[in-house]
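For reference, the structure discussed in these notes is given below.
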Amino acid sequence: GQQVMQIPQYQHVQEGEDFTTYCNSSTTLSNIQWYKQRPGGHPVFLIQLVKSGEVKKQKRLTFQFGEAKKNSSLHITATQTTDVGTYFCVRNAGNMLTFGGGTRLMVKP
Amino acid sequence: DTAVSQTPKYLVTQMGNDKSIKCEQNLGHDTMYWYKQDSKKFLKIMFSYNNKELIINETVPNRFSPKSPDKAHLNLHINSLELGDSAVYFCASGGALPTYEQYFGPGTRLTVT
């Protein structure tokens with residue numbers, strides 16, 4: 001099936017450093033979603049991007065959708081310990097979500 | 001109030017047993033889902049029900065049988081449990097326009113020994 005690939009798999013950062021996770025698809029996406037899963041928790045919807053080149057911000061989080069709608073990124077500025085968790089990009093085809101492998105972020109205080 | 005609830009939270013059982021996981025949502029959504037998350041955190045959809053009707057059935061062994069008595073409930077029954085079934089199972093609801101955002105339950109950690 002069609003997949004979305006995420007890199008890196010893991011990222012350790014010192015608190016205050018920036019963090020970026022990247023998501024790539026071999027096919028054009030109609031939209032991309034991002035979810036966050038805290039350790040021991042469940043995935044929680046963060047945002048959906050629809051338009052080519054779209055950029056959305058949520059406080060310290062910046063989400064981008066590529067011009068060709070084949071890639072996306074999530075950038076966190078000045079990480080905090082509360083940012084710890086796994087971030088998933090998700091291909092959304094109507095009712096069907098296909099999750100990327102996720103990037104596990106660990107933040108050292 | 002909990003939007004999507006699952007029971008039990010933990011389930012430890014032996015190979016060959018049959019077990020069920022229950023899921024309920026109070027969000028009024030028409031669509032509910034079951035996902036499996038393995039030890040490497042890969043999340044994969046198993047089933048999707050829309051208003052009590054099965055609409056997505058990914059490649060899942062037929063030992064897994066979802067049942068939806070009404071649109072607020074989607075239960076998962078697993079027969080003849082195997083070691084490889086050990087995982088966290090998440091129920092979700094949602095899929096409404098415009099984002100098809102899904103709301104996940106807290107998960108059920110199944111351990112088969």
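These values consider heavy atoms only, across backbone and side chains, with no hydrogens, waters or symmetry-generated copies. Predicted model only: the values in this text are computed from it and were never measured. So that the names make sense, note that chain A is the first sequence line, chain B the second, and so on, each numbered from 1.
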_Would R104(A) and K41(B) count as a side chain to side chain contact (heavy atoms under 4.5 Å, CB included) here? Give the steps._
CA-CA 9 Å; R104(A) 191 177 303 183; K41(B) 297 288 191 184; 3.0 Å; yes
Check whether more than 12 heavy atoms from other residues, nucleotides or ligands sit under 6.0 Å from atom [atom1] of [X], and answer yes or no.
| X | atom1 | value |
| --- | --- | --- |
| K22(B) | NZ | no |
| F47(B) | CZ | yes |
| F45(A) | CZ | yes |
| E53(B) | CD | no |

Subject >> Between Q37(A) and Q37(B): side-chain donor-acceptor atoms closer than 3.5 Å >> reply: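 Per modelled atom types, Q37(A) and Q37(B) side chains form a pair under 3.5 Å.
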Nearest 0.5 angstrom please: [X] [atom1] to [Y] [atom2], how far?
| X | Y | atom1 | atom2 | value |
| --- | --- | --- | --- | --- |
| H42(A) | Q6(B) | NE2 | CD | 9.5 Å |
| L97(A) | L43(B) | CG | CG | 10.0 Å |
| Q33(A) | E101(B) | CD | CD | 7.5 Å |

query = Excluding sequence neighbours, so at least two apart, what forms side-chain hydrogen bond (donor to acceptor under 3.5 Å, both in side chains) with T111(B)?
reply =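 side-chain hydrogen bond (donor to acceptor under 3.5 Å, both in side chains) check on T111(B) returns nothing, list empty.
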- Task: Would you please test F99(A) and Y35(B) for ring pair (Phe, Tyr, Trp, His ring centres under 6.0 Å) and show each step?
- Result: CA-CA 10 Å; F99(A) 280 74; Y35(B) 290 85; 5.7 Å; yes
#### Entry: Residue pair Y35(A), F104(B): steps toward the side chain to side chain contact (heavy atoms under 4.5 Å, CB included) verdict
CA-CA 11 Å; Y35(A) 284 72; F104(B) 284 76; 3.8 Å; yes
Note to self: Under 4.5 Å side-chain heavy-atom separation, chaining through any Ile, Leu, Val, Met, Phe, Trp or Tyr, what else clusters with V50(A)? Say none if it is isolated.
What the structure shows: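 Noted: V50(A) shares its cluster with no other residue.
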